[in-house]
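What follows is a single structure, written as structure tokens, with notes after it.
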Protein chains: 2
Amino acid sequence: MSESSADSGAATRTELIAAGRKLFGRRGFDGASIRAITKEAGANLGAVTYHFGSKHGLYSAVLEEGLRPMAARVQAAAASEGTALERMLRIVEAYFEHFQARPDLPHLLLQEVAAGKQPPDVVVDILRGIRETIASLQVEGEADGSVRPGHPTLTALTVVSQPVFLTLVSPLLRVVGPVDLSEPKARRTALEHTLAFVRAGLEPREGSKS
Amino acid sequence: MSESSADSGAATRTELIAAGRKLFGRRGFDGASIRAITKEAGANLGAVTYHFGSKHGLYSAVLEEGLRPMAARVQAAAASEGTALERMLRIVEAYFEHFQARPDLPHLLLQEVAAGKQPPDVVVDILRGIRETIASLQVEGEADGSVRPGHPTLTALTVVSQPVFLTLVSPLLRVVGPVDLSEPKARRTALEHTLAFVRAGLEPREGSKS
DNA sequence: GATTCACTCATACGTTCGTATGAATAGCCT
DNA sequence: AGGCTATTCATACGAACGTATGAGTGAATC
């Protein structure tokens with residue numbers, strides 16, 4: 001009974017990815033054991049090897065599963081209506097939303113990104129796409145006058161850094177500062193603060209050229 | 001022979017901390033083995049246990065040794081001359097410099113910070129101090145008119161996020177975008193971009209009150 | 001010159017890791 | 001019903017891990 005016929009395998013697969021995202025994110029690749037992951041997923045010890053070939057296979061799958069919908073959201077926001085600046089702010093918002101649903105993703109990504117070693121090709125391709133999308137919004141924004149001139153790639157980084165960093169640090173915020181981002185009200189304040197900061201950082205100065 | 005008398009122990013201690021910063025930063029706590037660390041430091045397998053009691057002891061020492069001079073730099077910049085905005089920008093610069101000397105520190109910190117578990121008390125205390133320093137600069141900046149009104153703690157985060165994130169991501173930038181932050185010229189460009197962005201994000205709009 | 005002390009070193013122990021293996025189980029087709 | 005295929009499960013294996021232990025070493029003290 002319970003989950004019946006055709007998806008008995010797919011369900012385990014999904015559970016393993018969710019458990020992997022959680023534990024890889026919290027403990028790192030080496031810190032999260034297959035035994036802990038399969039236990040969290042309610043699966044057998046052999047399930048990771050069976051479904052993903054190896055621990056690294058699961059890791060890549062977790063990364064891809066987290067990144068791909070994020071990239072899709074970024075593309076959607078970039079293709080929406082409004083000035084380039086407005087669309088960039090929409091990207092910031094999309095990040096916040098995506099990370100709220102998957103709070104372990106930022107750490108997972110940075111763990112991969114900052115390790116010095118090069119991430120799997122899938123990850124690099126996706127990240128490259130996101131960078132290009134935001135960078136061309138910067139170029140477009142200079143043309144339509146909604147964004148101040150600047151280095152496209154660095155702007156993309158700066159914009160992305162805000163939601164990523166805030167999500168990363170949020171568990172510590174409760175301890176280090178009097179802010180608890182698990183409360184909806186505080187989260188809204190943080191989003192508004194970020195949007196205002198990014199907008200101010202990107203917008204042309206009022207008195208400058210037309 | 002070689003390093004002679006009184007510091008034969010202190011030298012090993014220092015080497016272990018440097019090796020720990022490098023390997024903990026690159027591979028995470030669990031990914032960096034005592035065997036790898038002692039080998040990197042040119043020390044014996046037992047050296048970590050002898051000098052720091054345990055692997056966790058070394059880890060705490062590494063964190064403290066990296067954070068304490070950073071906090072000192074922040075305090076110094078905050079106590080320097082100029083408007084509150086100028087001092088905040090000086091803090092950004094100080095971060096960049098400190099991270100250039102210790103490129104593994106940001107990852108090490110975030111690893112600790114984002115893991116969900118609470119870092120050692122020493123770390124929390126230092127981070128709290130940094131947050132308070134920047135947050136009170138925000139308050140001061142509102143008073144002297146150099147900074148636009150905003151949430152002090154969130155502003156502190158936003159400001160710090162720039163150098164941290166950029167340093168974190170820099171190894172990936174070579175792959176994902178056409179930027180190589182190991183070149184001094186690119187590093188200068190990145191610093192200037194960041195300073196301009198933070199300044200624009202914090203400064204009051206030109207046409208506003210006062 | 002013997003003793004002491006801080007430190008280094010080689011080795012051993014028990015645990016946990018990722019993976020491999022082969023037997024059980026259950027839905028599906030004819 | 002009976003065999004096929006996909007999945008789950010219990011167990012085993014060798015490697016690597018953190019730590020403990022005790023012997024070795026060399027400069028400082030008397």
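Every chain is numbered from 1, with letters handed out A, B, ... down the list of sequences. None of the values given here were measured: they were computed from a predicted structure.
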* Report yes if a side-chain nitrogen or oxygen of B:N44 is closer than 4.0 Å to either non-bridging phosphate oxygen (OP1 or OP2) of C:dC7; otherwise report no. => no

* Any side-chain N or O of B:H51 under 4.0 Å from OP1/OP2 of C:dA6? -> no

* Structure fact -> Those residues at least two apart in sequence (or on a different chain) that pass ring pair (Phe, Tyr, Trp, His ring centres under 6.0 Å) with A:F197 are B:F197

* Could you list the residues that satisfy ring pair (Phe, Tyr, Trp, His ring centres under 6.0 Å) with A:F99, not counting sequence neighbours? => A:Y95

* Kindly write out the residues that satisfy side chain to side chain contact (heavy atoms under 4.5 Å, CB included) with B:S146, not counting sequence neighbours, or none if the list is empty. => B:T83, B:A84, B:L85, B:D144

* Applying side chain to side chain contact (heavy atoms under 4.5 Å, CB included), name anything that partners A:E15, two or more places apart in sequence or on another chain. => A:A41

* Asked: Taking only residues at least two apart or on different chains, which pairs with a member in residues 29-46 of chain B satisfy side chain to side chain donor-acceptor pair (under 3.5 Å)?
  -> B:K22-B:E40

* Enumerate the residue pairs fulfilling side chain to side chain donor-acceptor pair (under 3.5 Å) with a member in residues 60-74 of chain A, sequence neighbours excluded, ordered by first and then second residue. => A:R21-A:E65, A:E64-A:R68, A:E65-A:R102, A:R73-A:E97

To the nearest angstrom, how far is [X] atom [atom1] from [N] atom [atom2]?
X     : N      : atom1 : atom2 : result
A:H56 : C:dC17 : NE2   : P     : 16 Å
A:R13 : D:dA6  : CZ    : C1'   : 14 Å
A:K39 : C:dC17 : NZ    : P     : 11 Å

* Structure fact -> Residue set satisfying salt bridge (Lys or Arg N to Asp or Glu O under 4.0 Å) with B:R199, at least two apart, ordered chain then number -> B:E203

* If you check every side-chain atom of B:Y50, which of C:dA6, C:dA20, C:dC17 has the closest atom? -> C:dA6

* Closest to side chain of B:T12, choosing from C:dA20, C:dA12, C:dT8 -> C:dT8

* Quick one: are A:H151 and A:Q138 in side-chain contact, heavy atoms under 4.5 Å? -> no

* Axis-to-axis angle across the helix from C:dG1-D:dC30 to C:dT30-D:dA1, five pairs an end, to 10 degrees? -> 0°

* Structure fact -> Nearest-nucleotide check on DNA chain D, A:L45 vs B:K55; residue mapping nearer the 5' end is A:L45

* side chain to side chain donor-acceptor pair (under 3.5 Å) with B:R131: which residues, sequence neighbours excluded? -> B:T153

* **Side-chain donor-acceptor pair present, A:H193, B:T158, cut-off under 3.5 Å** => yes

* Going by heavy atoms closer than 4.0 Å, what residues in residues 29-37 of chain A are next to DNA chain D? -> A:R35

* Quick one: ring-ring contact (aromatic ring centres under 6.0 Å, His included) pairs with a partner in residues 13-36 of chain A, sequence neighbours left out? -> A:F24-A:F29, A:F24-A:Y59, A:F29-A:H56, A:F29-A:Y59

* Asked: Which residues, if any, of residues 58-66 of chain B bring a heavy atom under 4.0 Å of DNA chain C?
  -> none

